[in-house]
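Because the structure is a prediction, the values reported are computed rather than measured.
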Amino acid sequence: MGDRPLGLIDTGAIIAFLDDGDHWHQSCVEALERLPLPLATSVAVLAELFHLLKRPHFDAAWTFLHSGAVTVLPIDDEDMPDLEMLMERYKDRPMDFADATLVHLARRENLVTIFTIDHNDFETYRIEGKRRFRIVPDRS
């Protein structure tokens with residue numbers, strides 16, 4: 001694994017990967033085996049993850065986060081205007097803060113691949129208003 005992230009990872013994909021009872025679990029396990037690592041995420045995604053994750057999966061989540069498969073990229077004060085603009089642009093979805101950080105990181109870090117099960121939103125979102133995301137895994 002190199003240091004530069006080669007894609008992004010969203011909350012739902014992490015939960016599905018960790019929870020073998022999740023409908024998306026097998027697809028996410030197989031997708032993660034094929035994706036070049038590490039994948040980038042934000043602290044907002046991790047806050048969402050630990051809010052939604054069932055307590056028995058916390059240890060597995062920490063093991064996964066310490067594995068090197070995920071790197072957490074910073075979001076700073078200077079990023080806030082872009083996040084606000086994105087949330088305003090997609091207010092009809094509506095876009096949550098965690099998704100806004102991922103779309104922003106895609107532009108800032110020049111990333112197009114996202115590991116997510118949130119197809120409806122990420123098929124709608126555009127990087128810099130025009131580029132589509134490459135979503136992994138495919139809908140199942």
TODO: State, to 0.1 Å, how close Ala40 and Leu102 come at their nearest heavy-atom pair, and which atoms those are.
DONE: O-CD2, 4.4 Å
- [ ] May I have all residue pairs that pass salt bridge (charged side-chain N to carboxylate O under 4.0 Å, His left out) and include part of residues 53-78, sequence neighbours excluded?
- [x] Asp19-Lys54
Task: Glu109, CD atom: more than 12 neighbouring heavy atoms under 6.0 Å - done: yes
- [ ] Give a yes or no on whether the backbone of Gly12 and the side-chain of Asp10 come within a donor-acceptor separation of less than 3.5 Å.
- [x] no
Task: Distance, nearest 0.5 Å, that separates CG of Leu39 from OG1 of Thr113 - done: 8.5 Å
Open item on the list: One thing to verify: whether Asp99 and Arg93 come together as a salt bridge, which I'm taking to mean a side-chain N less than 4.0 angstrom from a carboxylate O.
Closed with: no
- [ ] State whether the side chain of Arg132 and the backbone N or O of Lys130 hold a donor-acceptor pair below 3.5 Å, judged by distance alone.
- [x] no
TODO: Determine the minimum heavy-atom distance between Leu105 and Ser42, stating which atoms define it.
DONE: CD1-CB, 4.1 Å
Open item on the list: How long is the straight-line distance from NE2 of His25 back to CD of Glu30, given to the nearest 0.5 Å?
Closed with: 9.5 Å
Task: Distance, nearest 0.5 Å, that separates NE2 of His104 from CE of Met85 - done: 9.0 Å
TODO: For Thr101 and Asp79, run side-chain contact (heavy atoms from CB on, under 4.5 Å): C-alpha distance rounded to whole Å, both residues' side-chain angles, the deciding distance at 0.1 Å, then the answer.
DONE: CA-CA 9 Å; Thr101 65; Asp79 299 306; over 6 Å; no
Open item on the list: Quick check on Arg108: does its CZ atom have over 12 non-hydrogen neighbours (other residues, nucleotides or ligands) under 6.0 Å away?
Closed with: yes
Task: Output field: ring centroids Phe133/Tyr125 closer than 6.0 Å - done: no
Open item on the list: Taking Leu83 as the starting point, is it possible to reach Tyr90 by hopping between hydrophobic residues whose side chains are less than 4.5 Å apart?
Closed with: yes
- [ ] Please identify each residue that fulfils ring pair (Phe, Tyr, Trp, His ring centres under 6.0 Å) with Phe64, with sequence neighbours left out.
- [x] Phe17
Open item on the list: Just verifying a value: how many Å separate Asp22 CG and Ile117 CD1, rounded to the nearest 0.5 Å?
Closed with: 5.5 Å
- [ ] With sequence neighbours excluded, tell me which residues meet side chain to side chain contact (heavy atoms under 4.5 Å, CB included) with Arg131.
- [x] Asn110, Val112, Ile127
Task: Sub-4.5 Å side-chain heavy-atom contact between Arg4 and Leu111 - done: yes
TODO: For Ile135 and Asp138, work out which heavy atoms get closest and say how close.
DONE: O-OD1, 4.0 Å
- [ ] Kindly give the heavy-atom pair with the smallest separation between Val103 and Phe122, and that separation in Å.
- [x] CG2-CE2, 4.0 Å
Task: Minimal non-hydrogen separation, Arg139 against Glu123, with atom names - done: NH2-OE1, 3.0 Å
Task: Main-chain N/O of Ala16 paired with His23 side-chain donor or acceptor, under 3.5 Å - done: no
Open item on the list: I'd like to check Ile9 versus Val45 (side-chain heavy atoms, cut-off strictly below 4.5 Å). Are they in contact?
Closed with: no
Task: Pairing of Arg107 and Asp82 as salt bridge, 4.0 angstrom limit - done: yes
Task: Minimal non-hydrogen separation, Pro137 against Ala31, with atom names - done: CB-CB, 4.0 Å
Task: Single-linkage hydrophobic cluster Leu8~Leu6, side-chain heavy atoms < 4.5 angstrom - done: no
Open item on the list: Distance check, rounded to the nearest 0.5 Å: Thr11 atom OG1 versus Asp96 atom CG?
Closed with: 7.5 Å
Open item on the list: Between Val72 and Leu65, is there shared hydrophobic-cluster membership here, with clusters defined by ILVMFWY side-chain heavy atoms closer than 4.5 Å?
Closed with: yes
Open item on the list: According to a hydrophobic-cluster definition based on side-chain heavy atoms being under 4.5 Å apart (Ile, Leu, Val, Met, Phe, Trp, Tyr only), do Ile75 and Leu73 belong together?
Closed with: yes
TODO: Determine, stepwise, if the pair His57 / Asp20 fulfils side-chain contact (heavy atoms from CB on, under 4.5 Å).
DONE: CA-CA 10 Å; His57 297 294; Asp20 63 6; 5.7 Å; no
